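Remarks on the structure that follows.
Remember, it's 1-based here, ligands and their atoms both numbered in the order they're listed. None of these values were measured; they are calculated from a predicted model. For the numbers below, each heavy atom of this structure counts, side chains included, while hydrogens, waters and symmetry mates do not.
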Amino acid sequence: MRRKRRVAILGSTGSIGVQALEIIQRSESLELHSILCGSGIRLLREQILEYGPSTACAVAPLDGADTTGILTGPESLEEAIQGADIVLNAIVGSAGLSASLLCQELGLPLALANKESLVVGGELLGEHLARGLIVPVDSEHSTIHRCIHGEDRPVLGVTLTASGGSVRNMDPAAMYAAGPPEILAHPTWSMGRRITVDSATMVNKAFEVIEAKWLFGVPVDAVIHPQSIVHSFVRLADGAWKALLGHPDMRVPIQYALLEAGEPAIVLEEDGPLDWGSLCFEPLDPLVYPAYGLVAAAGEEGGTLPAVANAADEVAIEAFLSGRITFGRISQVIAHALEGHSRWEVRSFEDVMEADAEGRRAAAEMIGTPC
Ligand code: NAD
Ligand code: MG
């Protein structure tokens, strides 16, 4: 019998991490190697008891937290990854880039949920991409990966689908003034807080356009598809379109990325075309989603602009979630950070971190809080 594949889960206490733990527990070919989280360790302690990983790490536990049996500090990342056969990077934000770079350095297969790694540092991950060692976990990119795999016709382009998030049917004034309760109620997907807000501003979709550019190297666009049943399209040279359909559930792309061919760990409830009803597609209106245009343009220009956009967005979302700014201000904060930035090329991790710091400063300045 083949040895089980040992998985390191970075971001185990988040939405993706928790679903990955369920998959590993139910799979006959996967084994949990390690878990790692950011600061909140209460759930990490529960996960240690329930799943028994060989190593558990917390990068920055809160002062006074009981860390018995837990490795702490930024160096614990290396301990979590060492000895794994595959790493699931489900850390949120640009903080995930160093983990992806470490996987590249160690030649370790990477199941990549942390799209920010490619958004802010796609230039730095070229070697791992070229070796085929990055499998995307994002549902759209997982779909495209599956549609392209084994396809011998040239791919002309890909079209990402977007649900439209929680603001799709709001009038503009209500949308501008909206607070966390309205925005965190996503209509089709259940996810972490940052990506849920990013789905409402559509920054998430702009990030995914950048992510797709690095992963597939073909033209990318996006359409609104409120039902979230079609998880993106691939357009082939002979005029045919390929897509993957199904109930929106992140366990499908997570297990696809972790498992090699063979039996799935989890089979979803059966639903099909008669349950889905009408499927519709609409253009993405840049007036409803100004942040989409801003961030997608930053992605086209490249260099340090996407890192600045991401950093400003992270700061703006924190301010939004703590009630300091309204929803409509998020795109203004990103615009302010991008306008004040003189772009440079990304050649090193330091280039990204410097741009990240600049984006955070500009955002904090506009929000009116000291850095
Ligand atoms: P989440 O907020 O629920 O969880 C984030 C995890 O990252 C937590 O375990 C947290 O402790 C950890 N973390 C935060 N800062 C850290 C740091 N500095 N170092 C180490 N760990 C840190 O987020 P999520 O929704 O699970 O999303 C994770 C990633 O997956 C994001 O990049 C997101 O865009 C992507 N993604 C998520 C979904 C989804 O359905 N949730 C879908 C597609 C892509
Ligand atoms: Mg997605």
Quick test: of every protein heavy atom, which one is nearest to atom 12 (C) of ligand 1, and how far off is it to 0.1 Å? Gly38 N, 3.8 Å

Specify the protein heavy atom at minimum distance from atom 18 (N) of ligand 1: its residue, its atom name, and the distance to 0.1 Å. Ala95 CB, 3.4 Å

Quick check: are there more than 12 heavy atoms from other residues, nucleotides or ligands sitting under 6.0 Å from CG of Asp152? yes

State if Gly17 counts as touching ligand 1 under the rule of any non-hydrogen atom under 4.0 Å. no

Would you check whether Gly192 has a nitrogen or oxygen atom less than 3.5 angstrom from a nitrogen or oxygen atom of ligand 1? yes

Would you check whether Leu36 reaches within less than 4.0 Å of ligand 1, judged by its heavy atoms? yes

Quick test of your reading of the model: are Lys242 and Glu151 salt-bridged, counting only N-O distances below 4.0 Å? yes

Would you mind checking which non-hydrogen protein atom is closest to atom 1 (P) of ligand 1, with the distance to 0.1 Å? Gly14 CA, 3.9 Å

Report the part of Ser15 (side chain from C-beta onward, or backbone N, CA, C, O) that has a heavy atom under 4.0 Å from ligand 1; answer both or neither where that applies. both

Please list, in number order, the atoms of ligand 1 under 4.0 Å from a heavy atom of Asn114. 32 (O)

If you look at Glu208, which of its N/O/S atoms is nearest to the Mg ion (ligand 2)? OE2

Test salt bridge (Lys or Arg N to Asp or Glu O under 4.0 Å) on Lys205 and Glu211; report intermediate values, then the result. CA-CA 9 Å; Lys205 208 48 57 179; Glu211 184 187 7; over 6 Å; no

Quick check: does Gln19 get an N/O under 3.5 Å from an N/O on ligand 1? no

Less than 4.0 angstrom from a charged side-chain N to a carboxylate O is my criterion; do Glu140 and Lys115 meet it? no

So that I can tick it off, tell me whether Glu116 and Arg194 are bridged by a salt bridge, with the cut-off set at under 4.0 angstrom between side-chain N and carboxylate O. yes

Mind checking whether Arg194 contacts ligand 1 via backbone (N, CA, C, O), side chain (CB onward), both or neither, at a 4.0 Å heavy-atom cut-off? neither

Could you grab the angle centred on the Mg ion (ligand 2), going from OE1 in Glu140 to OD1 in Asp138, to 10°? 100°

Proximity winner for atom 29 (C) of ligand 1, if only heavy atoms of Ile91, Val18, Leu77, Ile195 are counted: Ile91

Look at atom CD of Glu300 and say whether more than 12 heavy atoms of other residues, nucleotides or ligands are closer to it than 6.0 Å. no

Matching residue for Asp85 among Lys4, Arg6, Arg5 - test: salt bridge (charged side-chain N to carboxylate O under 4.0 Å, His left out): Arg6

Among all protein heavy atoms, pick out the one at the shortest distance from atom 23 (O) of ligand 1; state its residue, atom name and that distance to 0.1 Å. Val92 CB, 4.0 Å

Decide whether an N or O pair under 3.5 Å exists between Ser139 and ligand 1. no

What protein heavy atom is closest to atom 43 (C) of ligand 1, reported as residue, atom name and distance in Å? Asp138 OD1, 3.1 Å

Glu318 CD: over 12 foreign heavy atoms closer than 6.0 Å: no

Tell me whether Met250 reaches ligand 1 (any heavy atom closer than 4.0 angstrom to a ligand atom). yes

For ligand 1, note which part of Val59 has a heavy atom under 4.0 Å away: side chain, backbone, both or neither. side chain

Between Glu28 and Arg26, is the closest basic N to carboxylate O distance under 4.0 Å? no

Using a strict 4.0 Å threshold on nitrogen-to-oxygen distance, state whether Arg42 and Glu46 make a salt bridge. yes

In terms of the angle between their ring planes, are Phe327 and Phe320 parallel, tilted or perpendicular, with boundaries placed at 30° and 60°? perpendicular

Heavy-atom nearest neighbour in the protein, as seen from atom 35 (C) of ligand 1, with distance rounded to 0.1 Å: Ala113 O, 3.1 Å

